[in-house]
Amino acid sequence: MSKRALITGITGQDGSYLAELLLSKGYEVHGLVRRSSSFNTQRIDHLYQDPHEPNARIFLHYGDLSDGARLVTLLSQIDPDEVYNLAAQSHVRVSFDEPEHTGDTTGIGSIRLLEAVRVAGVRCRFYQASSSEMFGASPPPQDEDTLFYPRSPYGAAKVYSYWVTRNYREAYGLFAVNGILFNHESPRRGETFVTRKITRAVARIRAGREKLLYMGNLDAVRDWGYAPEYVEGMWRMLQADEPKDYVLATSTPCTVRQFLQTAFDHAGLDWEKHVRFDDRYLRPTEVDSLIGDAGRAEADLGWKATVHAPELARIMVDADIDALECEGRPWIDRPSLSAWA
Ligand code: NAP
Ligand code: GDD
């Protein structure tokens, strides 16, 4: 019998890579998809299978983390072996604009899903997408024992989700774990996160479609890894003998400025000629430096990141150049200057 997994956030960057990974391992994959007036499934369209086919192994279900009753119904119907809670309003800057919605989705949404697991009586393993943003102002290096000091409504909501996940492990004996993941990126990264905003702009400037890129704080330090490697870490956490929380990170610091320079250099462009400052991209409170220590994941799970920021920047620039040269994909033609965050 193949295992069954439910992924919330399957249409996002990580959800799409995780769905690929689980399908390659023979899982039956179920994904929660928000109803939208236009299709929001571009990242998983290549995985689509007609549910009428007897051998279909991926199934999509309408639902939303704000709708607890729907979650109970789905959990009862699907009866999954593993649940990956990846859904969230995941943009830190936007969480200052929409703090209440972020709290409802990124925070309370997690306990709605945990309650659905409990109420439906499903015996599954549960993964919570926790974040290095929870460390916020705590100085690096950060590991599983570092104090949380969130600096945004998003970070605070993730701290809430972290603790309720631990509480359901302790209170109800649920195999529930937090993956505390540092930033991880890919060609599928949302276009308003800084790495993708940069690599899309590089491709467009190189093609002569734009001239300038407006940016915020270039001094922030992040620990950027490659998303496909991180979803492998999520899966390994749920295969472990014991439920434990793990940091996943590369341990390699990189400033936004260094990422910019590598990306522009790779396309043969001088970043200083094209980058301008705009304070709309600053946050009311910034997280200055995130550098993770993933020693526990390496020791227990045999997980180690191999792709670091410079290689990542080159992978993403190459992918955005290729995508721009692709015909018939109208969404690619959105100007990067209209990025909202
Ligand atoms: P992402 O690309 O922004 O994807 C977020 C997903 O959540 C999308 O599928 C989105 O659906 C869905 N979603 C949002 N609100 C929802 C709601 N109310 N109900 C149901 N689904 C909802 O994020 P990601 O980069 O893949 O990250 C995955 C998870 O890991 C997130 O929880 C994020 O906060 C966390 N995380 C990410 C990183 C990172 O560096 N990427 C690091 C640490 C933690 P639509 O497609 O319809 O918008
Ligand atoms: N988005 C954006 N846009 N960020 C900018 C810009 C800009 O124009 N200019 C500078 N930055 C800086 C931000 O101030 C921040 O310090 C850094 O670039 C990274 O910003 P993001 O790419 O938006 O990511 P994040 O670190 O705030 O949050 C991401 O990583 C978290 C894990 O640490 C998200 O994926 C979160 O969901 C995730 O939890």
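We count ligands from 1, going down the list as the structure has it; atoms in each ligand are counted the same way.
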Query - Pairs touching residues 127-156 that satisfy salt bridge (Lys or Arg N to Asp or Glu O under 4.0 Å), sequence neighbours left out - result: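 Listed by first then second residue: Glu133-Arg222.
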**Report entry** Pairs meeting criterion salt bridge (Lys or Arg N to Asp or Glu O under 4.0 Å) with involvement of residues 167-189, two or more places apart
**Finding:**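 Checked against salt bridge (Lys or Arg N to Asp or Glu O under 4.0 Å) - neighbours excluded - the pairs reaching residues 167-189 are Glu20-Arg188, Arg166-Glu170, Arg169-Asp245, Glu185-Arg189.
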Starting from [atom], locate the nearest protein heavy atom and write down its residue, its atom name and how far away it is, to 0.1 Å.
atom                    : value
atom 21 (N) of ligand 1 : Ala87 CB, 3.4 Å
atom 48 (O) of ligand 1 : Arg34 NH2, 2.8 Å
atom 6 (C) of ligand 1  : Gly9 CA, 3.6 Å
atom 28 (C) of ligand 1 : Leu86 O, 3.5 Å
atom 18 (N) of ligand 1 : Asp64 OD1, 2.8 Å
atom 33 (C) of ligand 1 : Tyr154 OH, 3.6 Å
atom 19 (N) of ligand 1 : Leu65 N, 2.9 Å

Are any of the N/O atoms in [X] less than 3.5 Å from those in ligand 2?
X      : value
Glu286 : yes
Tyr281 : no
Ala220 : no
Trp224 : no

Query raised in the report: So is Lys197 actually on top of Tyr281's ring, under 6.0 Å and inside 45° of the axis?
Result: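 Yes.
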**Report entry** Ring-face cation of Arg276 near Tyr214 (centre distance under 6.0 Å, axis angle within 45°)
**Finding:**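 No, a cation-pi geometry is absent between Arg276 and Tyr214.
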Taking 4.0 angstrom as the limit and counting only heavy atoms of [X], give me the atoms of ligand 1 inside it, by number and element.
X      : value
Gly12  : 2 (O), 4 (O), 8 (C), 9 (O), 26 (O)
Asn40  : 47 (O)
Thr105 : 15 (N), 16 (C), 17 (C), 18 (N)

Atoms of ligand 2 less than 4.0 Å from [X] heavy atoms?
X      : answer
Lys197 : 7 (C), 8 (O)
Gly216 : 6 (C), 8 (O), 9 (N), 10 (C)
Ser90  : 34 (C), 36 (C), 37 (O)
Tyr154 : 36 (C), 37 (O), 38 (C), 39 (O)
Val92  : 27 (O), 28 (O)
Asn217 : 9 (N), 10 (C), 11 (N), 12 (C)
Arg189 : 29 (C), 34 (C), 35 (O)
Ser131 : 31 (C), 32 (C), 33 (O), 38 (C), 39 (O)

Report task. Would you mind finding which of Val221, Asn183, Ile180 brings a heavy atom closest to atom 29 (C) of ligand 2? Result ->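 Residue with the shortest heavy-atom distance to the ligand atom: Asn183.
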Requested in this report: Measure from atom 6 (C) of ligand 2 to every heavy atom in Thr192, Val194, Asp14 and give the option owning the shortest one.
Outcome: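 Of the listed residues, Val194 has the closest heavy atom.
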Is there at least one pair of N or O atoms, one from [X] and one from ligand 1, spaced under 3.5 Å apart?
X      : value
Asp14  : yes
Ser66  : no
Ser131 : no
Gln89  : no

Query raised in the report: Is there a donor in the side chain of Ser2 and an acceptor in the side chain of Glu28, or the other way round, less than 3.5 Å apart?
Result: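 Per modelled atom types, Ser2 and Glu28 side chains form no pair under 3.5 Å.
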Report task. Say whether Tyr226 and Glu311, considering side chains only, have a donor N or O and an acceptor N or O under 3.5 Å apart. Result ->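 There is no such pair between these side chains.
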Report task. Please indicate whether Tyr48 has more than 12 foreign heavy atoms, meaning atoms of other residues, nucleotides or ligands, lying under 6.0 Å from its OH. Result ->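 Yes, the 6.0 Å shell around OH holds more than 12 heavy atoms from other groups.
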Query raised in the report: Does the Thr106 side chain pair with the main chain of Gln89, one donor and one acceptor, at a distance under 3.5 Å?
Result: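 Confirmed, Thr106 side chain pairs with Gln89 backbone.
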Query raised in the report: Mind checking whether Trp235 and Tyr127 have ring centres under 6.0 Å apart?
Result: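 When the ring centroids of Trp235 and Tyr127 are compared, they turn out to be at least 6.0 Å apart.
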Location of contacts on [X] toward ligand 1, heavy atoms closer than 4.0 Å:
X      : answer
Lys158 : side chain
His91  : neither
Ser130 : backbone

Query raised in the report: How long is the gap from OH on Tyr162 to CE on Met134, to the nearest 0.5 Å?
Result: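 Going from OH on Tyr162 over to CE on Met134, the span is 6.5 Å.
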Report task. Please state which part of Arg222 comes within less than 4.0 Å of ligand 2, counting heavy atoms only: side chain, backbone, both or neither. Result ->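 Under 4.0 Å from ligand 2, Arg222 contributes side-chain atoms alone.
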Requested in this report: With heavy atoms only and a cut-off of under 4.0 Å, state how Arg93 meets ligand 2: side chain, backbone, both or neither.
Outcome: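 Arg93 to ligand 2: no contact under 4.0 Å from either part.
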